[in-house]
Amino acid sequence: MRKLSKLMLYTLVFVLAFSQMIPGISLKKANAEEKNQVEDLVIYENIPEAEAAVKDGNLQLKALHVYSEGNFLLASENLDWESSNKNVATVDQGGNVEFTGQNGRTFITVRDGTFKDRIALDYKVKPSSKDEGEKGKPESEALVIKQEGQRYDLIGNAISKMSLDEKTGQMLMPDFRNWNGKNVTEMLPEIEQLVKKYHLGGVILFRENVVTTEQTARLVSDYQEAAEKFGLLLTIDQEGGIVTRLQSGTDMPGNMALGATRSPEIAYNVGNAIGEELASLGINMNFAPVMDVNNNPDNPVIGVRSFGEDPRLVADMGVAYTKGLQAAGVAATAKHFPGHGDTAVDSHLGLPEVPHDKERLKEVELYPFQKGMEAGIDAIMTAHVTFPKIDGTKAISQKTGEEIAIPATLSYKVLTGLMREEMGYEGVITTDAMNMKAIADHFGPVDAAIRAVQAGTDIVLMPVGLEEVAAGMLEAVKNGKISEERIEESVRRILTLKIKRGVIKEETPVSVEDKIGNAVKVVGSAEHKQIEKEAAEKSITLVKNDAGLPLQLESSEKVVVVGNTFISSLGDAIKKRHENTTVISSSTYKLTEDQLEQIKNASAVVVGTYTYNVSGRTPSSAQMAMVNQIIKLADAPVIGVGIRNPYDIMAYPEIDAYLTQYGFRPASFEAAAGAMFGEFTPTGKLPITIPDYNGGVLYEFGHGLTY
């Protein structure tokens with residue numbers, strides 16, 4: 001037995017020595033396993049960029065393993081948590097701290113058998129400053145005292161060990177809306193390979209990708225699994241209202257509806273509910289809220305996506321929405337800086353211009369963004385809009401060969417000079433989609449991406465041609481067009497956001513079944529539907545009432561509902577409240593003799609109009625000509641409903657009554673019908689001014705009737 005053991009030992013020594021002498025016979029598998037080893041264990045809340053929130057006397061601590069390649073993973077198994085002073089706080093083996101209510105300090109320590117870390121927690125109780133003679137309730141404060149030192153600079157350590165293509169990859173956020181002509185609803189091997197090959201920092205999802213709650217949670221989980229070192233920013237445009245991506249979520253009535261409520265509390269609740277639904281699905285970043293001031297009624301792309309025309313209203317509602325969203329753990333993004341509200345061109349189709357000087361911009365367009373920055377918003381999206389009074393720099397258009405002004409997305413003066421230096425913003429900057437015609441028509445895909453990074457953006461959203469743009473950015477660093485230091489500034493901001501919002505890969509991920517189980521309870525929950533219902537009802541604005549609203553009809557009396565776009569939704573909501581209702585849907589807006597007779601014999605006529613551009617709401621348009629025909633013909637009161645744009649009444653000012661609901665989601669139709677039949681008293685206030693066609697004002701900002 002001894003001889004055999006000695007022989008085995010000699011053989012092993014020989015093999016090891018031989019493998020070192022001859023290249024290619026190294027023990028590759030062993031080396032691969034040893035390559036990325038755990039080097040430290042740190043408490044997440046000790047990291048300078050991490051947020052630690054004590055809620056209801058509890059604090060959930062987390063631990064991270066730091067690896068030799070610079071990445072870090074959430075650790076949850078084989079950890080030992082301990083409190084040095086259980087009179088102040090206790091900690092369970094899941095890292096959950098519970099304060100006892102006694103004054104003092106405790107150190108919470110975590111160990112994994114090799115490494116350990118600790119964090120200090122203070123609890124202070126002080127008497128409240130009530131009037132003398134009145135016994136006040138004591139006030140308490142729990143403080144987290146972070147440890148300091150180089151070991152907690154996880155981001156600096158990570159960046160120092162990243163390759164250049166890993167760094168530039170963090171700045172790329174493509175969409176995989178379709179693949180080979182089919183909607184991407186599940187992870188494909190080709191997409192997984194691209195996530196790994198280009199070390200992507202994030203991916204944006206669209207309505208085509210998020211069909212059901214179960215499918216969405218699984219897709220998002222697969223995306224995170226595909227990421228190699230750092231968690232992905234999984235983003236989406238879940239603004240609420242007309243821009244709503246989740247097909248199984250709570251739609252919410254939209255921003256202008258929230259502006260009509262005049263309630264920051266409702267805006268907070270809406271943002272929080274949206275955040276809870278996204279977080280349950282694993283979506284950790286939302287491209288919302290829109291902070292554009294819609295002071296141009298002719299705006300074709302913002303409109304009801306804005307909270308309104310008043311900068312202070314937009315700021316108040318936008319900040320409240322942001323706080324609600326971020327309280328749910330989802331990053332918020334204010335868009336579209338420096339302001340897309342006062343434009344008459346859609347940047348998806350052309351290159352708009354905002355002609356105002358900086359002083360005017362600071363008073364109007366920039367005001368909500370500044371307030372968002374002060375409130376700690378995580379990210380800001382740029383606008384593909386030119387601001388010639390801020391940056392008059394010209395470029396040659398690839399489309400026309402003519403000189404054009406540089407859009408904000410590509411402007412150093414706008415992104416670095418104005419946003420970073422003058423306004424003091426330190427968070428993440430993302431471009432708007434780089435495939436929009438305002439950029440794609442005039443600049444090459446690689447040139448546009450390089451210009452955006454040079455200008456100061458951190459994330460290149462939806463680059464046109466991932467492979468070409470990734471290669472082009474690498475080449476731009478190598479040839480000195482972009483410094484590596486500039487790239488690292490962006491990577492630091494992106495990784496800071498990921499740590500702040502807990503976008504960190506886990507050593508032991510939660511099972512996808514558990515994620516789905518939780519998401520099913522949260523997405524579209526009864527609680528969120530109630531928030532949606534309240535927001536919709538508080539938004540309904542009664543602009544005109546010469547019809548004696550609310551309606552009080554006998555069952556024998558007939559209501560006729562007329563329109564085209566979304567008219568069945570309005571008709572169904574009215575039928576729930578009055579069975580004797582007929583819906584006339586006219587795609588041509590040419591009414592037949594029979595339809596005209598029904599209108600003439602009705603006890604009440606409801607006309608729903610839907611517009612999204614200037615030509616649609618002119619009196620000469622077919623839809624508006626039909627409405628004015630009905631007003632002249634009907635003996636009964638005619639009630640107009642502005643389904644989307646509140647400006648529709650400009651085309652039919654002689655109507656008997658007019659309500660506006662600001663959006664076409666089901667809750668808004670229910671609310672409009674409910675107000676019409678007196679289920680609640682409408683309290684909405686116009687968040688915009690409705691002009692007339694003679695240069696005057698039809699209805700002032702803040703106008704709103706009630707019963």
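Throughout, residue positions are numbered sequentially from 1 according to the sequence presented. Keep in mind that what you see is a predicted model, and the values were worked out from it rather than measured.
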Chemist: Would you check if there is a donor-acceptor pair between the side chains of Thr250 and Glu277 at a distance under 3.5 Å?
Modeler: yes

Chemist: Whether the Asn294 and Ser306 side chains hold a donor-acceptor pair (N or O, under 3.5 Å, no angle test) is what I'd like checked.
Modeler: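 Absent: no donor and acceptor within the cut-off.
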
Chemist: Step by step, work out the side chain to side chain donor-acceptor pair (under 3.5 Å) result for Ser621 and Arg617.
Modeler: CA-CA 7 Å; Ser621 73; Arg617 68 161 189 259; over 6 Å; no

Chemist: If the test is side-chain contact (heavy atoms from CB on, under 4.5 Å), which one of Leu461, Asp432, Ile236 qualifies with Phe287?
Modeler: Leu461

Chemist: Among side-chain atoms of Thr409 and Thr431, is any donor-acceptor pair under 3.5 angstrom?
Modeler: no

Chemist: Is Lys167 paired with Glu488 through a side-chain N to carboxylate O contact shorter than 4.0 Å?
Modeler: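 Result for this pair is yes, salt bridge flagged.
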
Chemist: So, Asn645 side chain and Thr611 main chain: donor-acceptor pair closer than 3.5 Å or not?
Modeler: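 It does hold such a pair.
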
Chemist: Tell me if a side-chain donor or acceptor on Gln170 pairs with a main-chain N or O of Leu495 at a distance below 3.5 Å.
Modeler: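 No: the side chain of Gln170 does not pair with the backbone of Leu495.
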
Chemist: For Ser585, what residues pass the side chain to side chain donor-acceptor pair (under 3.5 Å) criterion, not counting sequence neighbours?
Modeler: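 Ser585 satisfies side chain to side chain donor-acceptor pair (under 3.5 Å) with no other residue.
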
Chemist: Keeping Gln661 on the side-chain end and Ala671 on the backbone end, is there a donor-acceptor pair under 3.5 Å?
Modeler: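 No; judged by distance alone, with no hydrogens or angles, the pair does not exist.
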
Chemist: Please round to the nearest 0.5 Å and tell me the distance separating atom CD of Glu670 and atom CZ of Arg665.
Modeler: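 Atom-to-atom, Glu670:CD and Arg665:CZ are 15.0 Å apart.
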
Chemist: Could you tell me whether a side-chain N or O of Lys515 sits under 3.5 Å from a main-chain N or O of Ser221, the two making a donor and an acceptor?
Modeler: no

Chemist: Could you check Val464, Leu200, Val195, Leu194 and say which one makes a side-chain contact (heavy atoms from CB on, under 4.5 Å) with Pro174?
Modeler: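 With Pro174 as partner, side-chain contact (heavy atoms from CB on, under 4.5 Å) holds for just one option, Leu200.
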
Chemist: Give a yes or no answer on whether the side chain of Gln326 reaches the backbone of Gly376 with a donor-acceptor pair at less than 3.5 Å.
Modeler: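 Side chain of Gln326 to backbone of Gly376, a donor-acceptor pair under 3.5 Å: yes, one is there.
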
Chemist: Please determine whether a side-chain nitrogen of the Lys or Arg among Asp165 and Lys197 lies less than 4.0 Å from a carboxylate oxygen of the Asp or Glu.
Modeler: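 Here Asp165 does not pair with Lys197 in a salt bridge, since their nearest N and O are not under 4.0 Å apart.
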
Chemist: If we ignore hydrogens and angles and just use 3.5 Å, is the side chain of Ser411 paired with the main-chain N or O of Ala408 as donor and acceptor?
Modeler: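 Checking the backbone N and O of Ala408 against the side chain of Ser411, no donor-acceptor pair under 3.5 Å is found.
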
Chemist: Can you list every salt bridge (charged side-chain N to carboxylate O under 4.0 Å, His left out) pair that touches residues 226-255, not counting sequence neighbours?
Modeler: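 Found Glu69-Lys229, Glu166-Lys229, Asp237-Arg245, Asp237-Lys335, Glu239-Arg305, Glu239-Lys335.
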
Chemist: Output yes when a side-chain donor or acceptor of Asn71 lies under 3.5 Å from a complementary backbone atom of Phe230, and no otherwise.
Modeler: no

Chemist: Answer yes or no: is there a donor N or O on one side and an acceptor on the other, between the side chain of Gln215 and the main chain of Thr185, under 3.5 Å?
Modeler: yes

Chemist: As an exercise, state the distance from CD1 of Ile274 to CE of Met252, rounded to the nearest 0.5 Å.
Modeler: 5.5 Å

Chemist: Mind running salt bridge (charged side-chain N to carboxylate O under 4.0 Å, His left out) on Glu51 and Arg501 for me, showing each step along the way?
Modeler: CA-CA 8 Å; Glu51 294 183 342; Arg501 293 287 159 232; 3.5 Å; yes

Chemist: Could you check if a side-chain atom of Leu233 sits within less than 4.5 angstrom of a side-chain atom of Ile459, using non-hydrogen atoms only?
Modeler: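 They are in contact (side-chain heavy atoms under 4.5 Å apart), so the answer is yes.
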
Chemist: Could you walk me through whether Thr261 and Met317 satisfy the side chain to side chain contact (heavy atoms under 4.5 Å, CB included) test, starting with their C-alpha distance in whole Å, then the side-chain angles of each, then the deciding distance to 0.1 Å, before giving a yes or no?
Modeler: CA-CA 10 Å; Thr261 72; Met317 305 303 282; 3.8 Å; yes

Chemist: Give, for atom CG of Leu234 and atom CG of Leu281, the distance between the pair rounded to the nearest 0.5 Å.
Modeler: 10.0 Å

Chemist: Parallel, tilted or perpendicular: which one describes the rings of Phe176 and Tyr223, with boundaries at 30° and 60°?
Modeler: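 Parallel: the ring planes of Phe176 and Tyr223 meet at under 30°.
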
Chemist: Which label fits Phe369 and Phe337: parallel for a plane angle under 30°, tilted from 30 to 60°, or perpendicular past 60°?
Modeler: perpendicular

Chemist: Below 4.5 Å, heavy atoms only, C-beta onward: do Asn296 and Ile302 meet side chain to side chain?
Modeler: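 Side-chain contact under 4.5 Å: no.
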
Chemist: Using modelled atom types only, decide if a donor and an acceptor are shared between the side chain of Asp292 and the backbone of His336 within a distance under 3.5 Å.
Modeler: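 Checking the backbone N and O of His336 against the side chain of Asp292, a donor-acceptor pair under 3.5 Å is found.
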
Chemist: Within a strict 4.5 Å, meaning less than it, do heavy atoms of the Arg177 and Met462 side chains meet?
Modeler: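 Yes, side chains in contact.
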
Chemist: Pick from Tyr612, Tyr662, Tyr610: which one makes a side-chain hydrogen bond (donor to acceptor under 3.5 Å, both in side chains) with Arg644?
Modeler: Tyr610

Chemist: Using a strict cut-off of less than 4.0 Å between a Lys/Arg side-chain nitrogen and an Asp/Glu carboxylate oxygen, indicate whether Asp458 and Arg420 qualify as a salt bridge.
Modeler: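 A salt bridge links Asp458 with Arg420.
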
